[in-house]
Peer 1: 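Let me give you the structure first, and then I'll get to my questions.
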Amino acid sequence: MSTTPAGTSGPDFVSFQVRDLAASADFYERLVGLTRLPAPNPQAVVFSTGVAGATAFAVRVPFPGVDLDAAGQLGAGVGVWFHQPEAATLHARLAEAGVPIVQEPFESPFGTTFSFRDPDGYVVTVHSAA
């Protein structure tokens, strides 16, 4: 017998509200290596990780009334992790491009793991083990 209430599930979509949609979309597509999906919403750019069943990710314009510059450290207290089997290669690409590395690569129970700061200041952790 399941103890989970009917209809309850975990996150199935994560988005960051960003200051410059085009710049953030380019960052996540070109540098991080996510695949841009066609999206009917002009307020967001949606990405696929390429892994079946993986959580979708997007960058979007801020919701009405949200002032990102007044918000302080964006994403503080929230952990967003991306799985990338070639985490060391991604780290090298980001570091070479001048992306701030918050935590240098180290071996963890999740494989090679490191964290970077995106153009809006969100911290993203990357891990290599599935």
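Predicted, not measured: the structure shown is a model, and the values here were computed from it.
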Peer 1: Of all heavy-atom pairs between Arg60 and Asn41, which one has the smallest distance, and what is that distance?
Peer 2: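 Of all heavy-atom pairs spanning Arg60 and Asn41, the closest is NH1-ND2, 4.5 Å.
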Peer 1: Side chains of Leu37 and Phe47: does their closest heavy-atom pair fall under 4.5 Å?
Peer 2: no
Peer 1: Is a donor from one side chain sitting under 3.5 angstrom from an acceptor on the other, for Glu86 and Ser128?
Peer 2: no
Peer 1: For Ala97 and Leu31, which heavy atoms make the closest approach, and how far apart are they?
Peer 2: CB-CD2, 3.8 Å
Peer 1: Passes side chain to side chain contact (heavy atoms under 4.5 Å, CB included), Thr113 versus His127? Steps please.
Peer 2: CA-CA 4 Å; Thr113 304; His127 64 99; 3.9 Å; yes
Peer 1: Taking all atoms of both residues into account, what is the closest heavy-atom pair of Ala129 and His83, and its distance?
Peer 2: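 Looking at all heavy atoms of both residues, the shortest contact is O-CD2, 3.5 Å.
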Peer 1: Between atom CZ of Phe114 and atom CG of Leu90, what is the distance when rounded to the nearest 0.5 Å?
Peer 2: 4.0 Å
Peer 1: Taking Val80 as the starting point, is it possible to reach Ile101 by hopping between hydrophobic residues whose side chains are less than 4.5 Å apart?
Peer 2: yes
Peer 1: Within this structure, what is the CZ-CD distance for the pair Arg117 and Gln73, rounded to the nearest 0.5 Å?
Peer 2: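 Arg117 CZ to Gln73 CD: 4.5 Å, rounded to 0.5 Å.
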Peer 1: Taking Val102 as the starting point, is it possible to reach Leu94 by hopping between hydrophobic residues whose side chains are less than 4.5 Å apart?
Peer 2: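 Cluster IDs for Leu94 and Val102 differ.
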Peer 1: Hey, can you tell me if Trp81 and Phe110 have their rings parallel, tilted or perpendicular (30° and 60° cut-offs)?
Peer 2: perpendicular
Peer 1: So, for Arg36 and Ala25, which heavy atoms are closest and what is the spacing to 0.1 Å?
Peer 2: NH2-CB, 3.5 Å
Peer 1: Determine, using the 4.5 Å side-chain heavy-atom cutoff (strictly less than), whether Phe106 and Val123 are members of one ILVMFWY cluster.
Peer 2: no
Peer 1: How close do Val59 and Leu21 get, counting heavy atoms only, and between which atoms?
Peer 2: O-CD1, 3.4 Å
Peer 1: Just verifying a value: how many Å separate Phe116 CZ and Glu104 CD, rounded to the nearest 0.5 Å?
Peer 2: 13.5 Å
Peer 1: Kindly compute the distance separating OH (Tyr28) from OG1 (Thr35), expressed to the nearest 0.5 Å.
Peer 2: 15.0 Å
Peer 1: In sequence, state the C-alpha distance, the side-chain angles, and the governing distance for Val99 and Arg93, and then conclude on side chain to side chain contact (heavy atoms under 4.5 Å, CB included).
Peer 2: CA-CA 9 Å; Val99 174; Arg93 182 169 61 240; over 6 Å; no
Peer 1: Could you grab the distance from atom CG of Leu68 to atom CD of Gln17, nearest 0.5 Å is fine?
Peer 2: 6.0 Å
Peer 1: The test is side chain to side chain contact (heavy atoms under 4.5 Å, CB included); show your working for Thr125 and Phe82 and say whether it passes.
Peer 2: CA-CA 6 Å; Thr125 298; Phe82 288 178; over 6 Å; no
Peer 1: How about Phe57 and Phe13: are their ring centres within less than 6.0 Å of each other?
Peer 2: no
Peer 1: Locate the shortest heavy-atom distance separating Leu74 from Asp120; write the atom from each residue and the value.
Peer 2: CD1-O, 3.4 Å
Peer 1: With rounding to the nearest 0.5 Å, note down the distance linking OG1 in Thr112 to CD in Gln84.
Peer 2: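 Reported to 0.5 Å precision, the distance equals 11.0 Å.
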Peer 1: Asp118 and Ser24: side-chain donor and acceptor closer than 3.5 Å?
Peer 2: no
